[in-house]
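Read through the structure below, which is laid out as structure tokens, and then see the notes.
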Amino acid sequence: MELTGMYWLSEVVSYSNPHEEELIRYKSSVVYRAGLKFFWIPFFYGNRAFHWKQLGFDAAVLQPNHFFNDTREERIQDTAELAITYGMGVEIECDERMNWMYQFIKGTYEKQSEAELQASDSSNL
């Protein structure tokens with residue numbers, strides 16, 4: 001498998017390190033000289049997340065940090081709107097709870113669909 005890109009591991013640009021932005025820009029130039037793409041996945045409150053292009057990244061994907069932090073459900077919508085505004089993607093992290101949550105959501109959807117189907121059938125009587 002051919003290497004096509006590099007990922008910047010830190011999810012935030014540190015305010016306490018005055019040279020971190022300079023380091024990121026330097027690393028991006030090294031990545032470009034190697035003919036690779038440079039990617040970043042900042043967390044929702046990650047410093048400088050919306051300055052990803054100025055920092056030298058080819059693409060950035062915003063994490064809502066909803067699943068592990070018990071934020072309001074609106075966090076997902078907020079993340080999507082910010083991602084659209086700043087030309088980013090969205091990444092949603094989860095753990096094994098997603099398995100039972102999927103079953104719950106799927107079951108709820110199926111019950112709703114079944115009720116809608118029954119309602120539409122009864123209107124044709």
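All values below come from the heavy atoms of this structure, side chains included, with hydrogens, waters and symmetry mates left out.
- Separation of atoms CD (Glu20) and CG (Asn47) is listed at 9.0 Å; rounding is to 0.5 Å.
- Heavy-atom minimum distance, Val90 versus Ala80: CG2-CA, 4.2 Å.
- In terms of heavy atoms, Ser14 sits closest to Ser16 at OG-OG, 2.8 Å.
- Of all heavy-atom pairs between Pro64 and Arg75, the closest is O-NH1, 2.6 Å.
- Rounded to the nearest 0.5 angstrom, His19 NE2 and Ile24 CD1 are separated by 13.5 Å.
- No side-chain heavy atom of Tyr86 sits under 4.5 Å from any side-chain heavy atom of Lys53.
- Leu62 and Leu9 end up in different hydrophobic clusters when Ile, Leu, Val, Met, Phe, Trp and Tyr side chains are linked at under 4.5 Å.
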For residues 26-38, dump all side-chain donor-acceptor pairs below 3.5 Å to protein atoms at least two apart in sequence or in another chain.
{"from": "Ser28", "atom 1": "OG", "to": "Arg25", "atom 2": "O", "distance (Å)": "2.7"}
{"from": "Ser29", "atom 1": "OG", "to": "Tyr26", "atom 2": "O", "distance (Å)": "2.6"}
{"from": "Tyr32", "atom 1": "OH", "to": "Gly56", "atom 2": "O", "distance (Å)": "2.2"}

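- Put simply, CH2 on Trp40 and OH on Tyr7 are 10.0 Å apart, with the number rounded to the nearest 0.5 Å.
- Rounded to the nearest 0.5 angstrom, Ile92 CD1 and Thr79 OG1 are separated by 8.0 Å.
- In the hydrophobic clustering of ILVMFWY residues, with side-chain heavy atoms under 4.5 Å counting as a link, Val61 and Tyr45 come out apart.
- Between the CZ atom of Phe44 and the CG atom of Asn65 there is a distance of 8.5 Å, given to the nearest 0.5 Å.
- Residues that satisfy the side chain to side chain donor-acceptor pair (under 3.5 Å) test with Asp78, not counting sequence neighbours, are Arg72.
- Interatomic distance, CD of Glu22 versus CG of Leu55, reported as 12.5 Å (0.5 Å rounding).
- There is a path of hydrophobic side-chain contacts, each under 4.5 Å, that joins Leu82 to Phe43.
- With Trp52 contributing its side chain and Ile41 its backbone, the two residues share no donor-acceptor pair below 3.5 Å.
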